[in-house]
Asker: 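Please read through the structure below; I'll follow up with questions.
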Amino acid sequence: MGEVSRLLTDHGPAFGQALLLTWKLTVLSFVPGFLLGMGVTVLRLLPLPPLRFVLTVYVEIFRNIPSVALLIFIVFALPDLNVLIDYEPAVVLTLALVCSAFTADYLRTGINTIPGGQAEAALSLGMRPLRIITAVVLPQALRTVVQPMTSLLIALMLSTSLASQVPFPGRELTALVSKIATDSAAGIPAFAVAAAMYVATGLLIAWAGATLEKKVRILR
Amino acid sequence: MSRSVDDILFGAPSPQAQRLIRVVSVVAAVVLLLLAAGIVMRFHSAGQLEARHWEFFTWPSTWTFLAKGLLGTLASAAMAAVIALTLGLVLLVGRLSPLRLVRWPSIAVIEFLRGTPTLLLIYVCFLVLPSVGIKLSTYWMLTLPVGLSTAAVVAEVYRAGVLAVPRGQTLAARSLGLTEAQVFFSVVFPQALRYIVPALVAQLVIVVKDTTFGYVVTYGELMQNAKVLIANYNSLVPVYLVVAALYCLVNYAISGASKRLGRPMH
């Protein structure tokens, strides 16, 4: 315990900033990733075979590629193609792309839970297909995927640790721990504090997700 | 068999609508092809299409080296999976125990391992453990953290399966006079496994992805060997593209297998 308090007097503010940066990266990548995933899901519903094919390939690529490999590609290989992206946007882009693929996948599963009869009913009421998607299909699909999206958000939060793989200005939690462990012997307490912060954040997200799920759950 | 929502939405379009769909499809295809052509042009103007960047892919030695990396990835992933499946079972049994003294620590361990990034655990094995006198090989520096964090997730997956087994099964088994251990290991758990096989296989994909961290500890897996190839031939883009494609293929095959396994269960 003494070691932890000494660590916190030495590096307390650094840990605070690291936690904030971890949260910031999480939000910055989740919001666009989620919106992009929703866009992909809607576009995949359109009866345009070439578009469907390309978007399916998109989803399968970013669902199956390891995030580190994607990040390394964006940071180190894209400059060879004269595409230069700064480190922080590169991390956010990596996580957002991966997030969008998983969002699209989960939303697709959510749509599959909606009985086809609802679309028939809406059509017979004279609604246009696009209107049905935005007014009938998407709202229900979103409500069914709260649970997997919560898990995805937690996984994304943990994945921000891969920002430690690029020379990032400012340090998120994992980069901070590796720095402290390299510089001093305070590795174990530093790790314990960072782990506690990650776990607490994860539990917070899980709690928020469960609360939301209880509110919006569809009882069939 | 009822039709799915998107079949119905655009199911039997009128002739005009069909014509419209055909036209828009062609337009979409053209736009996408232009996009692809733009990317190829970008490769060309950056000189990435020159033969020297690609010719070493025609040499068998390149592929043996990449195959070795893939073998390293699979060796680490397989051991991590074994650790996860067995330790996950231990954690599950601990979590379901009626004794608080066993249950609470199990929950704490699960939440801790599940809530900590694998990369952070790798840094502990890589940077922290040596300073307290524990030296692991690069294989274990990668495999142990991946196995441990997956074990916690697997424990939760197991639990979902166990909770899905109808309660009557437990009661019936107890009424036959089986011991609690027999009830769990011969009646409940085997049935739970059947429910969760797809989820377990999906977890394998994550294990394979996590082994990419091997390049942090310079364990010879696919990503690390890619780095060596890049250093040798000075061509980043082609090597990373090929390696990314390899990862996608392996993981796509695994998730494809999981879908096939999942089908007859429901």
Side-chain angles (χ1 to χ4, degrees), chain A residues 44-51 54 60-61 63-70 72-73 76-83 111-112 114-120 123 129 132-133 137 154 158-162 164-165 173-174 177-178 181-182 185 187-188 190-191 194-195 198-203, chain B residues 2-10 13 21 24-26 28-29 32-33 39 42-43 45-48 111-112 114-120 123-124 126-129 131-132 205 208-213 215-216 223 226 230 235-237 239-241 243-244 247-252 254-255:
Chain A
R44 269 220 283 186
L45 286 174
L46 301 183
L48 306 172
L51 195 63
V54 169
E60 288 305 333
I61 286 180
R63 226 164 52 96
N64 286 311
I65 198 171
S67 319
V68 201
L70 183 58
I72 300 279
F73 185 83
F76 296 111
L78 283 190
D80 275 16
L81 294 170
N82 302 326
V83 180
I111 288 176
N112 287 343
I114 301 170
Q118 294 200 8
E120 276 170 348
L123 278 176
I132 298 177
I133 291 175
V137 174
I154 295 177
L158 297 179
S159 299
T160 57
S161 63
L162 62 91
S164 63
Q165 294 310 300
L173 282 171
T174 298
V177 171
S178 92
T182 323
I188 292 180
F191 161 68
Y198 276 119
V199 172
T201 307
L203 291 177
Chain B
S2 64
R3 294 189 298 156
S4 74
V5 168
D6 53 333
D7 281 346
I8 294 164
L9 277 183
F10 304 100
I21 287 171
V24 179
S25 282
V26 170
L32 291 168
L33 283 178
I39 293 173
R42 171 71 78 161
F43 269 74
S45 65
Q48 288 296 333
E111 290 298 340
F112 166 73
R114 213 159 59 113
T116 321
T118 312
L119 190 53
L120 188 63
Y123 273 124
V124 169
F126 182 43
L127 297 171
V128 180
L129 289 188
S131 71
V132 292
V205 172
V208 171
K209 282 199 222 172
D210 278 353
T211 57
T212 12
F213 289 126
Y215 90 108
V216 177
M223 198 69 188
I230 288 165
S235 58
L236 274 166
V237 180
V239 172
Y240 277 139
L241 277 182
V243 166
Y247 271 113
C248 285
L249 283 179
V250 169
N251 288 337
Y252 185 69
I254 297 174
S255 24

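Lettering of chains follows the sequences in order, A, B, ..., and the numbering in each one begins at 1. Scope of the values below: all heavy atoms of this structure, side chains included, with no hydrogens, waters or symmetry mates.
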Asker: What part of A:Leu123 gets within 4.5 angstrom of chain B, counting heavy atoms only: side chain, backbone, both, or neither?
Answerer: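 A:Leu123 touches chain B through side-chain heavy atoms alone.
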
Asker: With a 4.5 Å cut-off on heavy-atom pairs, point out which of A:Thr201, A:Ile61, A:Asn64 contacts chain B the most.
Answerer: A:Asn64

Asker: Under 4.5 Å from any heavy atom of chain A, what part of B:Val237 do you find: side chain, backbone, both or neither?
Answerer: both

Asker: Select one option (side chain, backbone, both, neither) describing which atoms of A:Arg44 are under 4.5 Å from chain B's heavy atoms.
Answerer: neither

Asker: Can you see which heavy atom on B:Val208 is nearest to which on B:Thr211, and at what distance?
Answerer: O-OG1, 2.5 Å

Asker: Please look at B:Thr118 and chain A and tell me whether the side chain, the backbone, both or neither of the residue comes under 4.5 angstrom of a heavy atom of that chain.
Answerer: neither

Asker: Using non-hydrogen atoms and a 4.5 Å limit, figure out which bit of A:Ile65 sits close to chain B: side chain, backbone, both or neither.
Answerer: both

Asker: Do you know which two heavy atoms are closest between B:Leu32 and A:Pro50, and how far apart they sit?
Answerer: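 Taking every non-hydrogen atom into account, CD1-O, 3.9 Å.
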
Asker: Go through A:Val137, A:Ile111, A:Leu78, A:Val199 and name the one with the most non-hydrogen pairs under 4.5 angstrom from chain B.
Answerer: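 Highest number of pairs under 4.5 Å: A:Val199.
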
Asker: Are more than 12 heavy atoms, taken from residues, nucleotides or ligands other than B:Tyr252, located less than 6.0 Å from that residue's OH atom?
Answerer: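 Count not over threshold, so no.
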
Asker: Quick one: what part of B:Val24 sits under 4.5 Å from any heavy atom of chain A, side chain, backbone, both or neither?
Answerer: both

Asker: Please give me the minimum heavy-atom distance between A:Val177 and A:Ala190, naming the atom from each residue.
Answerer: CG2-O, 3.7 Å

Asker: Can you tell which part of A:Leu203 gets under 4.5 Å to a heavy atom of chain B, answering side chain, backbone, both or neither?
Answerer: side chain

Asker: Which pair of non-hydrogen atoms, one from B:Ala226 and one from B:Val243, has the smallest distance, and what is that distance?
Answerer: CB-CG2, 3.5 Å

Asker: Is B:Leu241 in contact with chain A via its backbone, its side chain, both, or neither, using a 4.5 Å heavy-atom distance?
Answerer: both

Asker: What's the shortest heavy-atom distance between A:Pro47 and A:Pro49, and which atoms?
Answerer: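 Here A:Pro47 and A:Pro49 meet closest at O-CD, 3.4 Å.
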
Asker: Using a cut-off of under 4.5 Å for heavy-atom pairs, which of B:Leu129, B:Thr116, B:Leu119, B:Thr212 has the most such pairs with chain A?
Answerer: B:Leu119

Asker: Do you know which two heavy atoms are closest between A:Leu45 and A:Ile133, and how far apart they sit?
Answerer: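 Looking at all heavy atoms of both residues, the shortest contact is CD1-CD1, 3.8 Å.
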
Asker: Do side-chain atoms of B:Lys209 reach the backbone of A:Val68 as a donor and acceptor pair under 3.5 angstrom?
Answerer: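 No; judged by distance alone, with no hydrogens or angles, the pair does not exist.
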
Asker: Which one, A:Gly202, A:Ala200, A:Ala77, leads in non-hydrogen pairs under 4.5 Å with chain B?
Answerer: A:Ala77

